[in-house]
Enquirer: 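Dropping the structure in here first, questions after.
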Amino acid sequence: MSYTTTREALLKRLSEPAPGRVQIVTGPRQVGKTTLLLELARERGESAIYAAADAPEAALPGWFELQWQRVAERAESGPAVLLLDEVQYLPDWSRRLKAEVDRIHRHSVPVHVVVSGSAALRLGAGSRESMAGRFEKLVLGHWSARDLASAFNLSPDEATRMAVQVGTFPGPMAFRGDFVRWRSYLRDAIIDPALGRDLLTLELVRKPALLRQAFAICAGHPAEILSLSKMAGMLAEGSMTTLTHYLELLAEAYLVATVPKHASNEVRRRAAPPKLVPLNNAFVTAALDAWPTPKTEPTRWGRMVENACLASLLNVGHTVRYWREEPLEVDAVVEGSGGPWALEIKTSSTTAADLAGLLEFTRRAPSYRPLVVCDESDVARVKSRGVDAMSWTSLLWDGLSPH
């Protein structure tokens, strides 16, 4: 969900009679969760209590209980709301939250509760185990090209190209004219905290250096199919079991998706190597020494366009797989709104050979509609071959809307 849709959903739920279900807002770092809670606190005025669980004072005895006491006092004069930011940093947060929520329900205290956190891993486990039936979850995801355009007054073309070249994190956009400063901000404010604080704090990681190496491999191979054995061989040490676990952690932290193969049975699917998709192209560019461009690095640019397209589909909730039976391949088999689709993503001129895998797959699976995602200049030529096409800028801007 975008910032706007998440905000609208929260406002609607907070307008319902209190107490209601706990609203859990989770998502990647630096996408606006804290900004959203602070905005809600300002709009609610005296009826709202905002508290950050990662602040130094949150470690003091009685801090958590004090927030509930404060909001209960506010609720004496009407419905109130408690906004707890980065809640996963509280020890045993889900059990303690459950106890307080159950108490306000028993006594019909008119308090709404909204909690947020960057680490889906701990939020997911805690909420499932202790908060079952008591919460609703909202995922504030990576920004889209439209979000960038709205926030920074960019044209659709500028925003979509920025999504490929720079990524969509709003914070480092102030440095988009200075690659070194932009990369430093991204590493210091987003990547290092996500790997070195969120995951290491919330999950037992015996070899933190290997976790960073696994992330670096994913960032260095966007939209590439890479076997686990090959990835394990790139690591300094570690087994495929450890690697698999670390890839799962990276997915839980909204950093990387491992796209599986579209296969006729579960055994073949699980045995096939994954396609690595960093969920924001900023992760890819941060591993480079300069901004990539289609003229200077056409091959890398093509991979980054494909990765940006796949990430955009994953970030809005589409199910994405790939298909391959040597020598034929389909870049993405997509299920979701407006689908199902089979996608070939190209930034170079599309040839008849490029369409072979797409047409063979859709012949075998006729429920999937073939679609070529290409440069705007190539759309008409692809359509003249009898295959539907759209530009990659249109996909990043409008998504996969029905044609």
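Scope of the values below: all heavy atoms of this structure, side chains included, with no hydrogens, waters or symmetry mates.
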Enquirer: Does the separation of the ring centres of F283 and F215 fall below 6.0 angstrom?
Expert: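 They qualify: ring centres under 6.0 Å apart.
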Enquirer: Hey, are Y3 and E39 close enough side-chain-wise for a donor-acceptor pair under 3.5 Å?
Expert: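 Distance-only check passes for E39 and Y3.
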Enquirer: For T34 and D85, which I'm curious about, is there any donor-acceptor pair between the side chains at under 3.5 Å?
Expert: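 Result is yes, a qualifying pair exists.
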Enquirer: Are more than 12 heavy atoms, taken from residues, nucleotides or ligands other than E46, located less than 6.0 Å from that residue's CD atom?
Expert: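 Count not over threshold, so no.
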Enquirer: Taking the side chain as everything from C-beta on, heavy atoms only, tell me whether L82 gets closer than 4.5 Å to V114.
Expert: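 In short, these two side chains do not touch, never coming nearer than 4.5 Å.
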Enquirer: Can R13 and E16 be counted as an ion pair, charged N to O under 4.0 angstrom?
Expert: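 So R13 does not pair with E16 through a salt bridge.
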Enquirer: Short question: side chain of D331, backbone of I345 - any donor-acceptor pair under 3.5 Å?
Expert: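 Present.
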Enquirer: Any side-chain heavy atom of Y368 within less than 4.5 Å of one from W341?
Expert: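 They are not in side-chain contact.
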Enquirer: Are T293 and T296 linked by a side-chain donor-acceptor pair shorter than 3.5 Å?
Expert: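 The answer is yes; a qualifying pair exists.
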Enquirer: Indicate yes or no for a side-chain donor-acceptor contact from T244 to the backbone of M240 under 3.5 Å, with no hydrogens or angles considered.
Expert: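 A pair under 3.5 Å: yes.
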Enquirer: Are side-chain N/O atoms of N315 and H142 paired as donor and acceptor at under 3.5 Å?
Expert: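 Side chains of N315 and H142: no pair found under 3.5 Å.
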Enquirer: For the residue pair F361 and W323, categorise the inter-ring angle as parallel (less than 30°), tilted (30 to 60°) or perpendicular (more than 60°).
Expert: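 Taking W323 first and then F361, their aromatic rings sit tilted (interplane angle of 30° to 60°).
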Enquirer: Do E306 and R303 sit within salt-bridge range, that is, some charged N less than 4.0 Å from a carboxylate O?
Expert: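 A salt bridge links E306 with R303.
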Enquirer: Within the side chain of R381, is there an N or O that forms a donor-acceptor pair under 3.5 Å with the backbone of T350?
Expert: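 Present.
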Enquirer: Indicate whether the side chain of D147 and that of S144 have a donor and an acceptor atom separated by less than 3.5 Å.
Expert: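 There is such a pair between these side chains.
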Enquirer: Can you sort out the partners of P273 under side-chain contact (heavy atoms from CB on, under 4.5 Å), two or more places apart, ordered by chain and number?
Expert: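 P273 satisfies side-chain contact (heavy atoms from CB on, under 4.5 Å) with I225, S227, Y322, R324 only.
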Enquirer: Is there side-chain contact between Y185 and V180, with at least one heavy-atom pair below 4.5 Å?
Expert: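 Side-chain contact under 4.5 Å: no.
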Enquirer: I would like to know whether R70 and E73 meet salt bridge (Lys or Arg N to Asp or Glu O under 4.0 Å); could you show each step before the answer?
Expert: CA-CA 5 Å; R70 293 172 63 202; E73 292 172 356; over 6 Å; no
Enquirer: Identify whether the distance between the nearest side-chain nitrogen and carboxylate oxygen of R364 and E360 falls below 4.0 Å.
Expert: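 Salt bridge present between R364 and E360.
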Enquirer: Evaluate the side-chain proximity of L36 to T6: yes if any heavy-atom separation is below 4.5 Å, no if none is.
Expert: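 With C-beta onward as the side chain, the pair touches.
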Enquirer: Is any side-chain heavy atom of L288 closer than 4.5 Å to a side-chain heavy atom of P292?
Expert: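 Touching, per the 4.5 Å side-chain cut-off.
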Enquirer: For the pair R183 and D188, find out whether any cationic side-chain nitrogen is under 4.0 Å from an anionic carboxylate oxygen.
Expert: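 No, this pair does not count.
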Enquirer: Does any part of the side chain of L11, heavy atoms only, come nearer than 4.5 Å to the side chain of L40, both counted from C-beta?
Expert: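 Heavy-atom side-chain distance check passes, below 4.5 Å.
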Enquirer: Is there a side-chain contact between D388 and V372, using heavy atoms and a 4.5 Å cut-off?
Expert: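 Of all side-chain heavy-atom pairs linking V372 with D388, none is under 4.5 Å.
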Enquirer: Give a yes or no on whether a salt bridge exists between D102 and R106, defined as a side-chain N under 4.0 angstrom from a carboxylate O.
Expert: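 No.
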Enquirer: Could you check whether K346 pairs with D375 (Lys NZ or Arg NE/NH1/NH2 to Asp/Glu carboxylate O, under 4.0 Å)?
Expert: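 Not counted as a salt bridge, because no side-chain N and carboxylate O are separated by less than 4.0 Å.
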Enquirer: For A41, does its backbone N or O pair with a side-chain atom of R44 as donor and acceptor, under 3.5 Å?
Expert: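 Side chain of R44 to backbone of A41, a donor-acceptor pair under 3.5 Å: no, none is there.
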Enquirer: Main chain of A163, side chain of T168: is a donor-acceptor contact present, judged purely on distance under 3.5 Å?
Expert: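 No.
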Enquirer: Give a yes-or-no answer on whether the side chains of T319 and E335 include a donor-acceptor pair shorter than 3.5 Å.
Expert: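 Side-chain D/A pair, T319 to E335: absent.
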Enquirer: Between H245 (side chain only) and T241 (backbone N and O only), is there a donor and an acceptor less than 3.5 Å apart?
Expert: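 Absent.
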Enquirer: Any luck finding a side-chain donor-acceptor pair between E65 and Q67 under 3.5 Å?
Expert: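 Looking only at side-chain atoms, Q67 and E65 do not form any donor-acceptor pair under 3.5 Å.
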Enquirer: Could R29 and F169 be counted as a cation-pi pair, given that NZ or CZ must be under 6.0 Å from the ring centre and within 45° of the axis?
Expert: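 Geometry flag: not set, cation outside 6.0 Å or 45°.
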